[in-house]
Amino acid sequence: MRTLLVNIDHVATLRNARGETVPDPVEAAIVAEKAGAAGIVFHLREDRRHIRDDDVHRLKRVVKGLFDFEMAATEQMMKICIATKADLVTLVPESREELTTEGGLDMKKVRDDFRKRVFPPFKRAGIAISLFIDPEEEDIAIAAELEAEAVELHTGTYANADSEERRRIELDRLRKAAIQAHELGMKVNAGHGLNFDNIQPFLDHVPHLADISIGHALIADALFNGLENTVRRMADIIAG
Ligand code: PXP
């Protein structure tokens, strides 16, 4: 079954821009779940530019569906994620300069570190692991070798494609990657750059999808239509 996970980072971005307490990402999480989101995603970044530690604890108290903690695999984040007892950790690369996550993990580079240092504490804590990766055969094979429960396929290149031909190529890559990940026994999640214009072709073309994470486009649309309406509309599209 396909479901929507709502990323609430940008509610916190707006709050922090004025140093205020509103809009509150926790309130957004409550509304999103009421409107049909199957869970909430947030990215606690090293620089705390949007979600902050206190938000994580407050979110944990109210989120009823999947609690998906997106993070870079630093020791500090691992401690916070495990202490918070997240349902799912989505591991992403992170750099200070980027405006948003720019690409998937380089699995060849992180393979040994993830095997030795990162996976064991999460496995012991019973937290499922999802790896944010580009739709590349080798990266998916390494994710399976590490026994990740899920991959999150990076859809940014599809979302940003500047021609119909490029879009088709990217959809084909995503389709192949989804089939491969599914055949290797992993859940197929996806996200980045998805919006009301590009979601349907993606859903039509890519099989085996499970949790789809969307943030920016939903928060932007919600300014005009209200978060509850926006989330309900996207959740319905994704559920098909
Ligand atoms: N998935 C991951 C791993 C991300 O880093 C992000 C952005 O924070 C998203 C999904 C959501 O992307 P967007 O905000 O473009 O919908």
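Counting from 1, the numbers follow the sequence of the chain as shown. Each ligand, and each atom within it, is numbered from 1 in the order the structure gives. Below, all heavy atoms of this structure are taken into account, side chains as well, without hydrogens, waters or symmetry copies.
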Taking 4.0 angstrom as the limit and counting only heavy atoms of [X], give me the atoms of ligand 1 inside it, by number and element.
X    : result
H216 : 13 (P), 14 (O), 16 (O)
V92  : 3 (C)
G193 : 12 (O), 13 (P), 15 (O), 16 (O)
I214 : 16 (O)

Identify the closest protein heavy atom to [atom]: which residue and atom is it, and at what distance?
atom                    : result
atom 1 (N) of ligand 1  : E152 OE2, 2.5 Å
atom 16 (O) of ligand 1 : G215 N, 2.8 Å
atom 4 (C) of ligand 1  : E70 OE2, 3.3 Å
atom 8 (O) of ligand 1  : N7 ND2, 3.4 Å

According to ring pair (Phe, Tyr, Trp, His ring centres under 6.0 Å), who are the partners of H192, at least two apart in sequence or on a separate chain?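 For H192, the residues satisfying ring pair (Phe, Tyr, Trp, His ring centres under 6.0 Å) (neighbours in sequence not counted) are H154.
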Min heavy-atom dist A217 to ligand 1 below 4.0 Å: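 Judged by the 4.0 Å heavy-atom criterion, A217 does not count as contacting ligand 1.
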Out of curiosity, is H192 lining ligand 1, as in a heavy atom under 4.0 Å away?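 Judged by the 4.0 Å heavy-atom criterion, H192 does count as contacting ligand 1.
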Consider only side-chain N and O atoms of T90 and D68, and report whether a donor and an acceptor are under 3.5 Å apart.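 T90 vs D68: donor-acceptor pair found between side chains.
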Return the orientation label for the H182 and H208 ring planes: parallel under 30°, perpendicular over 60°, tilted otherwise.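 It falls in the parallel class, under 30°.
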